[in-house]
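The analysis underlying the following values was restricted to heavy atoms, covering all of them including side chains, and did not include hydrogens, waters or symmetry mates. The first residue in the sequence is number 1, and the count goes up from there.
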Amino acid sequence: MCEDDHGNGMGRRALFVTGAAAALTLGSVTFASGADAADGSGTPAGGSETRTVRGTLPTGSPDFVYLPVEVPRGVREIRVAYTYERPSVPAGTAGNALDIGIFDERGTAPGGRGFRGWSGGARTEFFVRGDDATPGYVPGPVRAGTWHIALGPYTVAPQGLAYEVTITLTYGEQAPTPEPVYPPERAKGRGRDWYRGDCHLHSWYSDGRRTPAEIAALARAAGLDFINTSDHNTHSAHPHWADQAGDDLLIMLGEEVTTRNGHVVALGTDPGTFVDWRYRARDNRFGRYARQIRGAGGLVVPAHPHATCIGCAWKFGFGEADAVEVWNGPYTPDDEVALADWDGMLVASVRSGRDWIPAMGNSDAHRDPDPVGTPQTVVLADDLTREAVQDGIRAGRSYVAESKTVSLSFTASGGRGEHAGIGERLHVDRETPVTVRLEATGVPRCTVRFVTDQGVLFTSAPLPVSGSGTVEWRTTASYAAYVRAEVRHEVAAGPLPGALAAFTNPIFLGASGAADG
C-alpha cells in the first residue's frame with residue numbers, strides 16, 4: 001500500500017500498488033486560480049503558493065509514481081523540493097533511493113512529449129520557468145493544466161520509503177524562452193584520418209559535477225577530436241554546448257538512456273532529441289526507442305553491459321545495437337567480462353553469417369578525479385563530421401586506447417598484395433598465407449595478443465621500454481576466421497592477463513559473406 005498525505009487540509013488517500021513495472025498515480029495537488037490571484041481575490045500577483053505532500057512507498061513499488069499538480073493560469077515558475085528517509089538496513093539489503101523529474105500539461109505518455117526534466121537522485125530541488133531551468137530541466141512556458149512530478153523509487157528499504165515533496169508556484173508574467181543554439185556538425189578535420197573521441201560523458205546537467213566548459217577543456221587536454229554528450233535521461237544540455245565547439249573539437253549530442261534493465265548511449269542524435277527510458281526488458285519496448293535513436297541520426301550503443309550497479313547490466317539483448325561499449329572508464333574486471341562476451345558475439349556472427357557488432361570504449365567521466373578520454377575510441381573517418389565519425393564507428397574502423405599516448409596500426413595482408421585494415425575483410429583463399437602486423441607506440445613493456453575465433457593464438461614478448469614496437473604473426477583463413485589485437489600491461493604475478501592498454505576491432509579473413517558488417 002502507498003499512502004499520500006497532502007498538507008493544507010487536502011486529505012489523504014490510500015492506493016494499492018500492483019506490479020513492479022506499472023506506474024502509479026497519486027491524488028492531485030491543487031492551487032488557487034492564478035487568474036483570480038492576479039485579480040487580487042487570492043494570492044497577490046507576483047506572489048507564490050506552496051503545497052507539501054507526504055507519503056510512504058512500500059517495497060515492491062512501481063518503477064514510477066506520478067504526483068499530479070493542477071497548475072492554474074498565471075504561473076511563471078514551478079519549483080519542487082523533496083526529501084526522503086534513509087533508514088539503516090541489514091547488510092546486503094538495498095536502502096532507499098528516490099529519483100525525481102517532471103512532465104508538463106502534455107502528459108506522461110510514453111515517448112515523453114510532456115517531458116520537462118529529470119535529475120534522478122542528483123538534486124533535492126529544481127525549478128522550471130520560461131527563460132531558465134535547473135540543469136537537467138528544459139526551460140519554457142509554464143502553461144495551465146495538469147503537470148506530473150515523476151518519482152522513481154530506484155530502491156526501497158524494508159521499512160518503506162517515506163518522502164516529502166514541496167511544490168511552489170510563483171505567479172506573474174511569463175518570461176520569453178530563448179531560441180536554442182546547438183554545436184555545428186562539422187569541425188576542421190584532416191580529411192580521411194584517425195580521430196580520437198570519448199562518447200560517454202556526464203555534465204552537471206545530470207549527475208556529473210563538471211560544466212560543459214570544463215569537460216571541453218579536459219577533452220582538448222586528452223587529445224580528443226570529438227566528444228558525445230550523454231547525460232542521464234535528459235536532453236536539456238544540448239543548447240549549452242555550442243560555445244564549447246571549435247575547429248579543433250567536434251561536439252555531438254546524445255543521451256544516456258538509463259532504464260532499470262541497463263543503459264544505452266544514444267550517440268550523435270539530432271539536437272533536441274529526447275529518448276524515453278521508462279520501460280524494462282519485459283515490456284518489449286526497446287526496439288521502438290532504438291529505432292527512434294536511429295531515426296534521429298544517432299547510433300545505439302549499449303553501455304557497460306556487465307556493470308554490477310543496480311539496474312546497470314544490459315538485459316535487452318544486442319539485436320538493435322550499432323556498437324557496444326566494451327571498455328568503460330579505468331579498466332576493471334567488469335570490462336574483462338564485457339570483452340570476453342563481445343568476443344563470443346564475434347564467434348557467433350562468424351558461425352551464423354550475421355552482421356557483427358563493433359566495440360568501443362569511453363570514459364563515463366562524471367567528476368574529479370574521473371579522467372576524460374580514458375579510454376578513448378580512435379576512429380578512421382573521412383572527415384571530422386558527425387556523419388563521418390558515426391560511419392567509422394558503425395563499420396568498426398576503430399580501436400580503443402587508454403590515452404592519447406597510445407597509437408596502433410593493425411593490418412592483414414596476403415601473398416598477392418591483398419590488404420585489409422581494422423574492421424575490414426581480407427579476401428583470400430582459405431589456405432593462403434596471411435601476415436598480421438601490429439605497430440604500436442606509447443605502450444612500454446606491454447604484451448601483444450592476437451585473438452581469433454579459436455581464442456588467443458599468439459602472445460608476444462614484452463615490447464621495449466621505449467613503448468614502440470612491431471609484432472607480426474602468420475596464419476590462414478582456415479585457421480582464423482578473424483583476428484583482433486590486444487595490447488596489455490605487464491602483470492606482476494598470476495595467470496590472469498594484465499589490464500588493457502588498447503584493443504582493436506577485428507579484421508576478418510577469407511571469402512566475403514559471413515560476418516561482413
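Proximity of Val400 to Phe503: side-chain heavy atoms (C-beta onward) are separated by under 4.5 Å at one or more points. Here the side chains of Cys446 and His489 are in contact, with some heavy-atom distance below 4.5 Å.
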**Q.** Steps toward side-chain contact (heavy atoms from CB on, under 4.5 Å) verdict (Arg220, Leu218)
**A.** CA-CA 5 Å; Arg220 288 180 165 97; Leu218 290 170; over 6 Å; no
(Q) Walk me through whether Arg196 and Ser407 qualify under side-chain hydrogen bond (donor to acceptor under 3.5 Å, both in side chains). (A) CA-CA 10 Å; Arg196 295 174 179 266; Ser407 294; 2.9 Å; yes
Q. Stepwise, does the salt bridge (Lys or Arg N to Asp or Glu O under 4.0 Å) test hold for Asp283 with Arg280?
A. CA-CA 5 Å; Asp283 298 325; Arg280 295 196 185 197; over 6 Å; no
Q: Go through the steps for Ser468 and Ser466 under the test side-chain hydrogen bond (donor to acceptor under 3.5 Å, both in side chains), then give the verdict.
A: CA-CA 6 Å; Ser468 299; Ser466 66; 4.7 Å; no
Q) Under the side-chain hydrogen bond (donor to acceptor under 3.5 Å, both in side chains) criterion, do Asp334 and His306 qualify, and how do the steps go? A) CA-CA 6 Å; Asp334 296 349; His306 290 278; over 6 Å; no
Q | Step-by-step side-chain contact (heavy atoms from CB on, under 4.5 Å) determination, Asp453 to Leu346 | A | CA-CA 8 Å; Asp453 52 313; Leu346 291 178; over 6 Å; no
Q: For Arg416 and Glu418, run salt bridge (Lys or Arg N to Asp or Glu O under 4.0 Å): C-alpha distance rounded to whole Å, both residues' side-chain angles, the deciding distance at 0.1 Å, then the answer.
A: CA-CA 6 Å; Arg416 298 180 178 178; Glu418 306 96 335; 5.3 Å; no
Q: Please report the C-alpha distance between Thr377 and Asp198 in whole Å, then the side-chain angles of each, then the deciding distance to 0.1 Å, and finally whether the side-chain contact (heavy atoms from CB on, under 4.5 Å) criterion is met.
A: CA-CA 6 Å; Thr377 299; Asp198 188 347; over 6 Å; no
(Q) Working note: Asp276 + Arg288, criterion salt bridge (Lys or Arg N to Asp or Glu O under 4.0 Å); need CA distance, chi angles, decisive distance, verdict. (A) CA-CA 10 Å; Asp276 212 328; Arg288 164 185 173 182; over 6 Å; no
Q) Can you list the steps and then say if Arg209 with His366 is a side-chain contact (heavy atoms from CB on, under 4.5 Å)? A) CA-CA 6 Å; Arg209 291 292 179 267; His366 283 69; over 6 Å; no
**Q.** Stepwise side-chain hydrogen bond (donor to acceptor under 3.5 Å, both in side chains) test for His200 and Glu256
**A.** CA-CA 8 Å; His200 187 165; Glu256 184 175 8; 2.9 Å; yes
Q: List the steps and the verdict of ring pair (Phe, Tyr, Trp, His ring centres under 6.0 Å) for Phe508 and Trp356.
A: CA-CA 10 Å; Phe508 292 93; Trp356 64 286; 5.3 Å; yes
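Taking the charged nitrogens against the carboxylate oxygens, Arg192 and Asp383 have no contact shorter than 4.0 Å, which rules out a salt bridge. Ion pair Asp270/Arg386 flagged as a salt bridge, since at least one NZ, NE, NH1 or NH2 atom sits closer than 4.0 Å to an Asp/Glu carboxylate oxygen. The residues Asp225 and Arg190 are annotated as salt-bridged, a charged nitrogen and a carboxylate oxygen being separated by less than 4.0 angstrom. For the pair Asp63 and Arg278, the salt-bridge criterion is not met [side-chain N within less than 4.0 Å of a carboxylate O].
Once rounded to the nearest 0.5 Å, the distance linking OG1 of Thr93 with CD of Gln159 reads 9.0 Å. Here Tyr205 contributes atom OH and Glu255 contributes atom CD; the two are 15.5 Å apart, rounded to the nearest 0.5 Å. Ile227 CD1 to Leu249 CG: the interatomic distance, rounded to the nearest 0.5 Å, is 5.0 Å.
Panel note: side chain Lys404, backbone Gln376; no donor-acceptor pair is recorded below 3.5 Å. Between the Asn261 side chain and the Ala281 main chain, a donor and an acceptor come within less than 3.5 Å of each other. Thr229 places a side-chain N or O within donor-acceptor distance of the main-chain N or O of Gly254, the cut-off being under 3.5 Å. A donor-acceptor pair is defined here as one N or O able to donate and one able to accept, closer than 3.5 Å; such a pair exists between the side chain of Thr155 and the backbone of Gly95. In this structure, Arg437 contributes its side chain and Ser409 its backbone to no donor-acceptor pair below 3.5 Å. Between the Asn228 side chain and the Gly268 main chain, a donor and an acceptor come within less than 3.5 Å of each other. Side chain of Gln292 to backbone of Tyr289: no donor-acceptor contact under 3.5 angstrom is found. At least one donor-acceptor pair closer than 3.5 Å links the side chain of Gln454 to the backbone N or O of Tyr479. A donor-acceptor distance shorter than 3.5 angstrom exists from the side chain of Ser61 to the backbone of Pro58, with no hydrogens or angles considered. Side-chain N or O atoms of Ser352 include one that pairs as donor or acceptor with a backbone N or O of Ala348 at under 3.5 Å.
Judged purely by distance below 3.5 Å, without hydrogens or angles, the side chains of Glu431 and Ser478 pair a donor atom with an acceptor atom. At a cut-off of 3.5 Å, with distance as the only test, no side-chain donor of Tyr279 or Thr259 sits close to an acceptor on the other residue. No side-chain N or O of Tyr182 forms a donor-acceptor pair with one of His238 less than 3.5 Å apart.
Using bins of under 30°, 30° to 60° and over 60° for the plane-to-plane angle, the ring pair His235/Phe274 lands in the tilted bin. Aromatic ring orientation, Phe318 versus Trp314: tilted (interplanar angle from 30° to 60°). Between Trp277 and Phe64, the ring planes lie perpendicular to each other; the angle is over 60°, past the 30° to 60° tilted range. Ring-plane geometry between His202 and His232 is classed as parallel, the angle between the planes falling under 30 degrees on a 0 to 90 degree scale with a further cut at 60.
For Val456, the side-chain contact (heavy atoms from CB on, under 4.5 Å) partners are Arg449, Val451, Thr459, not counting sequence neighbours. Remark: Asp207 pairs with no residue by the salt bridge (Lys or Arg N to Asp or Glu O under 4.0 Å) rule, at least two apart or across chains.
In this structure, Arg484 is not positioned above the aromatic face of Tyr482 in the sense of NZ or CZ being under 6.0 Å from the six-membered ring centre and within 45° of the axis.
Heavy-atom neighbours of Arg113 CZ from other residues, nucleotides or ligands within 6.0 Å: at or below the threshold of 12. Other residues, nucleotides and ligands contribute over 12 non-hydrogen atoms within 6.0 Å of the CG atom of Asp368. Shown here is Glu387, whose CD atom has no more than 12 heavy atoms of other residues, nucleotides or ligands within 6.0 Å.
Tested against Ile357, the residues Asn505, Val326, Asp322, Val324 include a single side chain to side chain contact (heavy atoms under 4.5 Å, CB included) partner, Val324. Results of the ring pair (Phe, Tyr, Trp, His ring centres under 6.0 Å) test with Tyr399 over Tyr195, Trp327, Phe410, Trp194 single out Trp194 as the only residue that passes. For the pairing with Trp118, the side chain to side chain contact (heavy atoms under 4.5 Å, CB included) check across Ile102, Thr258, Asp231, Asn233 returns one residue only, Asn233.
Of all heavy-atom pairs between Pro183 and Ala245, the closest is CB-CB, 4.1 Å. Of all the heavy atoms in Ala412 and Val434, the pair that sits closest is CB-CG1, 4.1 Å.
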